[in-house]
Trainee: 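Take a look at this one; I'll ask things after.
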Amino acid sequence: MHAGRELPSFADLIDATIKDAIFIPAMFQDRLQSQLVPALQAAFQQLFSATIDPQQFAFQPTHQPRTGSGVEGDVTINVFPFLKLSGKGPEPTAMAVGEHLKANLPIVADFNVIKGFLNIVIADGYWLGFLQEAGEKDILQFPPTGKKVMVEFASPNTNKPLHLGHLRNIFLGDSVSRILRSTGNEVVRAQVINDRGIHICKSMLAWQKFGNGETPESSGLKGDKLVGKYYVAFDKAYRAEIEALIAAGKPKEEAEKQAPLILEAQAMLLKWEANDPEVRALWHMMNGWVYTGFNATYARMGVEFDKIYYESQTYILGKQDVLDGLKKGVFHEKDGAIWVDNTPEGLDEKVLLRRDGTSVYMTQDIGTAIKRFEEYSGLSRLIYTVGNEQDYHFKVLFLILKKLGYAWADGLYHLSYGMVDLPSGKMKSREGTVVDADEIIEEMVQEARNAGEQLSKLDDFTEDEKSQLYERIGLAALKYFLLKVGAKKRMLFDPAASIDLQGHTGPFIQYTFARINSLLGKSGSLKTHSIEEMSGWKMAAEERTVIKMLHQFPAALHEAATELEPSSIANHTYELVKAYNGFYQTLPVLKEEDPLKRDCRLHLSSAVAKNVKKAMWCLGIEVPERM
RNA sequence: GAUCCCGUAGCUCAGCUGGAUAGAGCACCUGCCUUCUAAGCAGGCGGCCGUUGGUUCGAAUCCAACCGGGAUCACCA
C-alpha cells in the first residue's frame, strides 16, 4: 500500500525498554493510600518485626455482595501474602493489623475481617475533607512535570478524504494530548501530512484527463472529496487498462506495470521531483483543496494541531544520518545498498538506502525524528499514534535510533491501536467499503437530532441552539464510542446498528451533567460549610459510593496517562455518573428539608459535574448545560 | 515458516501488577414520570472467561502447548 502512516504491536526486546519509559506524570500517589501505607508498614513492623515494600500492599475497593447483609468497609487489604511474615493464620493476622490501624491512624474508623480480607472503614471526616477539595480544586489537574512531549496523530494522505480509521486515530491522539496536559506535561500536537508520492499523482493525472477543470467551487464538493473522486477515477481507468492488456494476452503482473496510466503517473512523479513548474502548480492547487477539506473536518471535530510536517519537505531527511551511521559502523554496505543488521536483537536486516542512493520510508522517519528533537529543545518524549500494522516498523525505527546513540531514543513510543472493522470485514477504499468521516459525523448528529426532537424538552431553544446541541451530542456519541474501547483492541463498528445514545455512551454522561446543571441552577448560590459543620451529615450509602468514585478519579487519570489509554478515563467517568444517577433517583436534593443535607448533596452534585466536565474534556468531548 | 496482537453473556465491550459469588451496555421481559430533566432508575433473563496442561493456599488474570481470528516479516509507504 502507498499509505504514509495509514496502514493501521510490539516485541519483547524493545517492549521492555519502552514500557519502562512510559510516563511518570509527576509523582502521583493516591491520597488515601499515602496515609494507609506508612501506617500498615508500621503495623507490620511493630506486630511482626517485618519490613514490607509498599508495593506489596494490594488495595481494592471493599467487595459488596449483591444480596444479603453488606460488608462494611471502604478499602480492603488482603493479608494472605503476609502470612509467612506474621506466622499466624489469615484471620488473626488481619485482626491484629486492623486493631493496630484503628488505634494509630485516625482516618481508620473501624474494620472487620472476613477470611483473609481486612475491610477498613474510613472515617466520614476523611471523605468530607476530600469532597471539599474536589469541589474547590481541580483534582484532575496534576502539578507541572516540566516535561515536553510531542504527540503525532492524524497523519493523512492527501489523495482521499478521512475515514473511520482516521477518526479512531485522531480521537485517540487528541485525547492522549489532553490527558498528558492534564497530568502536567507541555504537549506539542503534531501531524505529518503525506502530501507527495505516487498516490497524489494518480489523483492529479486523473483530474487532468477527466476533470474538465472541475473545482470545489464549480462542483460544490468538499476539496478532499473532489480529489478523492479522481483517485477513484484513476483506479477505475487503470483497471480497465489492465484488463484490456490481459485480454490481449499479457500476464497480469506485466499488465499492471505496463498500463499507460501508471506509466504516466510515474512520469508525473519524476516531473514533480524535478520541480516541473506545471506539475508543481497542479499539485499545490489540488493539495490546497484537500487541506481546506481536512481543516473543515478538524474544525467540526474540535481538533487542533500545533505543528504540521509535510512529507514533501521531510522526505529528503535522514539520508545524511544514515551515511553518518555508516561511518560510525552502526550500519553496513552490501550490494551497494546500506543496511542495518537487527538480527542480534531478534529482528531482521533492513535496507536504509537503496543501491541508487534513494531513501526508503524508514530513512525519512530516522531523519524526522532527529529533526524534531533538534527543533524542540527539551523534548523528552515523542509519541507516534499509528495503527498496529506498523508495529514492526516502529520497533525497528526505535532500535535504529538507539543504535545511533541518541539518548532520547528511550522516550520514543508507538501508540499502537487496533483496526476498526466493519461487519463486512476490513475497510477497503478501492472497494468502496470505507466509512467516510464526514458522513458518519453527520449521521450521528442527525441521530441525536431525531432523538432530541422526540423528547421535545427543548421547545424554548432557538434553531441555532438546537443545532449546536445536537452537534455536541452526536460528536460525543461517536468519540465516546471509539474511545471507550482499549486502544490496542481491534473493534467493530456496525453502521447499520448505529451508535446508541443510551446506556454506556457519551450522551448518557452529557445528560447527567446537564441534569446536575439544572439542579444547581435552581438551587441558587452554593452555601459552603466547614468540615466541622458538615460532619453533622450522616452520609447515605449512595452518597458514600459517589464520593468514593470521585476519589478514584485522579488514579484513573494517572492510569490513563501512564498507559496512554483514554479508555481508562472514559470507563471511570461512566462508572461515576452511573453511581451519581443511582444517588439522584434515590435521594432528594432540592426537596430535601434538612438544610445541611440539602447543601451537602448540592455540594456533591457540583463536584461530580465539575469533574465530569474535566474528564470529558480529556476525551475531547464537550458537555452541554442543558439537553 | 518466523514474530506480534486478539478469543469473557445472543451482540458490543469492562475486568488482566493473581484474591471474596466474573461486571456493564445493547437486545428481550417486569416495575417506576400529578414530585429536582425517564437520553433516567430498580429488578429479571443470559457465562465450561477458546481448549488442555502447569505454577499457587487461590488463575478470566501468570507460564507452556494447541485450536480459531487478525496483522507484520520489500532496495513499498
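A note on names: the letters A, B, ... follow the listed sequences, proteins ahead of strands, and every chain is numbered from 1. Values in this document were obtained by computation on a predicted structure and should not be read as measured data.
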Trainee: Could you tell me whether the side chain of A:D348 has a donor or acceptor atom within less than 3.5 Å of a complementary atom in the base of B:A74?
Mentor: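 For A:D348, whose side chain was compared with the base of B:A74, there is no donor-acceptor pair (under 3.5 Å).
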Trainee: Between B:G50 and B:G68, how far apart are the C1' atoms? Round to whole Å, please.
Mentor: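 B:G68 and B:G50 have their C1' atoms separated by 7 Å.
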Trainee: Pairs counted only when both distances fall under 3.5 Å, Watson-Crick or G-U: show me the 5' to 3' dot-bracket for RNA chain B, [ ] for pseudoknotted crossings and | for other-strand partners.
Mentor: (((((((..((((.....[...)))).(((((.......))))).....(((((..]....))))))))))))....
Trainee: Just confirming the chi classification of B:C48, syn or anti, using 90° around 0 as the syn window.
Mentor: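 Here the answer is anti: the torsion falls beyond 90° from 0.
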Trainee: Does the ring of A:F117 meet both stacking tests against the six-membered base ring of B:G19: centre distance under 5.5 Å and plane angle under 30°?
Mentor: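 No, aromatic ring not over the base.
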Trainee: Give me the ring orientation class for A:F117 and A:F80: parallel if the planes are under 30° apart, tilted from 30 to 60°, perpendicular past 60°.
Mentor: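 Correct class here is perpendicular.
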Trainee: Using a cut-off of 4.0 Å on non-hydrogen atoms, how would the nucleic acid contact of A:D500 be classed: base, sugar-phosphate, or nothing?
Mentor: sugar-phosphate
Trainee: Of the options B:U72, B:A77, B:A39, whose atoms approach the side-chain atoms of A:E311 most closely?
Mentor: B:A77
Trainee: Considering heavy-atom distances to RNA chain B, does A:W339 or A:F80 have its closest nucleotide positioned more toward the 5' end?
Mentor: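 Here A:F80 is the residue nearer the 5' end.
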Trainee: Using only atom types and a distance under 3.5 Å, with no angle test, would you say the side chain of A:R449 pairs donor to acceptor with the backbone of A:K466?
Mentor: no
Trainee: Below 4.0 angstrom from OP1 or OP2 of B:G58, is there any side-chain N or O of A:K115?
Mentor: no
Trainee: For A:Y584, report the nucleic acid contact type (base, sugar-phosphate, nothing); a contact means any heavy atom under 4.0 Å.
Mentor: base
Trainee: Between B:U37, B:A38, B:C75, which nucleotide gets closest to the side-chain atoms of A:R626?
Mentor: B:U37
Trainee: Less than 6.0 angstrom from the centroid, inside 45 degrees of the normal: does A:R196 satisfy that with respect to the ring of A:Y315?
Mentor: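 So A:R196 does make the cation-pi contact.
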Trainee: Mark yes or no for whether A:K484, through its side chain, and A:I569, through its backbone, hold a donor-acceptor pair below 3.5 Å.
Mentor: no
Trainee: Is the terminal nitrogen or CZ of A:R515 (NZ for Lys, CZ for Arg) located under 6.0 angstrom from the six-membered ring centre of A:Y584 and within 45° of that ring's axis?
Mentor: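 Cation-pi check for A:R515 and A:Y584: passes.
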Trainee: Please report the distance separating the P of B:U21 from the corresponding atom of B:A64, rounded so that it comes out in whole Å.
Mentor: 28 Å
Trainee: With P as the reference atom in both, quote the distance from B:A60 to B:G54 in angstrom, rounded to an integer.
Mentor: 15 Å
Trainee: Give the rounded distance in Å between these two atoms: NE2 of A:H393 and P of B:U72.
Mentor: 14 Å
Trainee: May I ask you to say what A:D356 touches in the nucleic acid, namely base, sugar-phosphate or nothing, with a heavy-atom cut-off under 4.0 Å?
Mentor: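 A:D356: no heavy atom of the nucleic acid under 4.0 Å.
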Trainee: Contact class for A:P90 (heavy atom, under 4.0 Å): base, sugar-phosphate, or nothing?
Mentor: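 Touches nothing.
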Trainee: Whole-Å distance between B:U56 P and A:N78 CG?
Mentor: 18 Å
Trainee: In this structure, how many angstroms lie between the P atom of B:A39 and the CG atom of A:L478, rounded?
Mentor: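 In whole Å, B:A39 P and A:L478 CG are 22 Å from each other.
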Trainee: Is the phosphate of B:C41 approached by A:N581 (side-chain N or O, under 4.0 Å from OP1 or OP2)?
Mentor: yes
Trainee: Quick check against the 3.5 Å criterion: does A:Q191 have a side-chain atom that pairs as donor or acceptor with the backbone of A:Y309?
Mentor: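 Such a contact is absent between A:Q191 side chain and A:Y309 backbone.
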Trainee: Between B:U37 and A:K522, is there an OP1 or OP2 to side-chain N/O distance shorter than 4.0 Å?
Mentor: yes
Trainee: Would you measure the distance from the C1' atom in B:G10 across to the matching atom in B:U34 and give it in whole Å?
Mentor: 41 Å
Trainee: Classify the nucleic acid contact of A:L83 as base, sugar-phosphate or nothing, counting any heavy atom under 4.0 Å across all strands shown.
Mentor: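 A:L83: no heavy atom of the nucleic acid under 4.0 Å.
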Trainee: Spell out yes or no: do the side chain of A:Q60 and the base of B:A20 have one donor N/O and one acceptor N/O closer than 3.5 Å?
Mentor: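 Checked by distance alone, the answer is yes.
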Trainee: Please find out if less than 6.0 Å separates the ring center of A:F82 from that of A:F57.
Mentor: yes
Trainee: Which residues within residues 511-519 of chain A lie with some heavy atom under 4.0 Å of an atom in RNA chain B?
Mentor: A:Y511, A:A514, A:R515, A:S518, A:L519
Trainee: Could you work out the separation of B:C67 and B:U30 based on their P atoms and round it to a whole Å?
Mentor: 47 Å
Trainee: When you compare B:C6 with B:C16, how far apart are their C1' atoms, in angstrom units rounded to a whole number?
Mentor: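 Roughly 14 Å separates the two C1' atoms.
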Trainee: Return the value, rounded to whole Å, for the distance between atom CG of A:L269 and atom P of B:A77.
Mentor: 11 Å
Trainee: Taking the P atom in each of B:U72 and B:C63, what is the distance between them to the nearest angstrom?
Mentor: 25 Å
Trainee: To the nearest Å, give me how far apart CG (A:L353) and P (B:C75) are.
Mentor: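 Computing the A:L353:CG to B:C75:P distance gives 13 Å.
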Trainee: How far does OG1 of A:T158 sit from CG of A:N287, to the nearest 0.5 angstrom?
Mentor: 4.0 Å
Trainee: Picking from B:A20, B:G70, B:C36, which would you name as closest to the side chain of A:M419?
Mentor: B:G70
Trainee: Taking the ring centre of each residue, are A:Y511 and A:F508 less than 6.0 Å apart?
Mentor: no
Trainee: Select from A:E592 and A:K350 the residue whose nearest nucleotide in RNA chain B is closer to the 5' end of that strand.
Mentor: A:E592
Trainee: Would you say the ring centers of A:Y480 and A:H504 fall short of 6.0 Å from each other?
Mentor: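 Here the rings of A:H504 and A:Y480 have centres that are less than 6.0 Å from each other.
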Trainee: Could you tell me how far B:C33 sits from B:A39 if I compare only their C1' atoms? Round to whole Å.
Mentor: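 Taking atom C1' in both B:A39 and B:C33, they lie 14 Å apart.
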Trainee: Would you say the side chain of A:T76 and the base of B:A20 hold a donor-acceptor pair, judged only by whether the two atoms sit under 3.5 Å apart?
Mentor: yes
Trainee: Should A:K115 and A:E91 count as an ion pair when the cut-off is N to O under 4.0 Å?
Mentor: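 The answer is no: the pair does not qualify as a salt bridge.
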Trainee: In this structure, how many angstroms lie between the C1' atom of B:G19 and the CD atom of A:Q56, rounded?
Mentor: 15 Å
Trainee: Between atom CD1 in A:I114 and atom C1' in B:U21, what is the gap in whole Å?
Mentor: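 Going from A:I114 (CD1) to B:U21 (C1'), I get 12 Å.
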Trainee: To the nearest Å, give me how far apart CG (A:L352) and P (B:A77) are.
Mentor: 12 Å
Trainee: Does the ring centre of A:F394 sit less than 6.0 Å away from the ring centre of A:Y384?
Mentor: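 Ring-ring flag for A:Y384/A:F394: true, centres closer than 6.0 Å.
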Trainee: Are A:Y361 and A:H393 an aromatic pair, judged by ring center distance below 6.0 Å?
Mentor: yes
Trainee: Are any protein N/O atoms closer than 3.5 Å to N/O atoms in nucleotides 12-17 of chain B? If there are, list each pair with its distance.
Mentor:
from  : atom 1 : to     : atom 2 : distance (Å)
B:C13 : OP1    : A:L492 : N      : 2.6
B:A14 : OP1    : A:G486 : N      : 2.7
B:A14 : OP2    : A:K489 : NZ     : 2.7

Trainee: So that I can tick it off, tell me whether A:E349 and A:K334 are bridged by a salt bridge, with the cut-off set at under 4.0 angstrom between side-chain N and carboxylate O.
Mentor: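 A salt bridge is present here (some side-chain N lies under 4.0 Å from a carboxylate O).
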Trainee: Using a heavy-atom cut-off of under 4.0 Å over every strand shown, decide if A:N119 touches base, sugar-phosphate, or nothing.
Mentor: base
Trainee: Aromatic ring centroids of A:F153 and A:F171 under 6.0 Å?
Mentor: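 When the ring centroids of A:F153 and A:F171 are compared, they turn out to be at least 6.0 Å apart.
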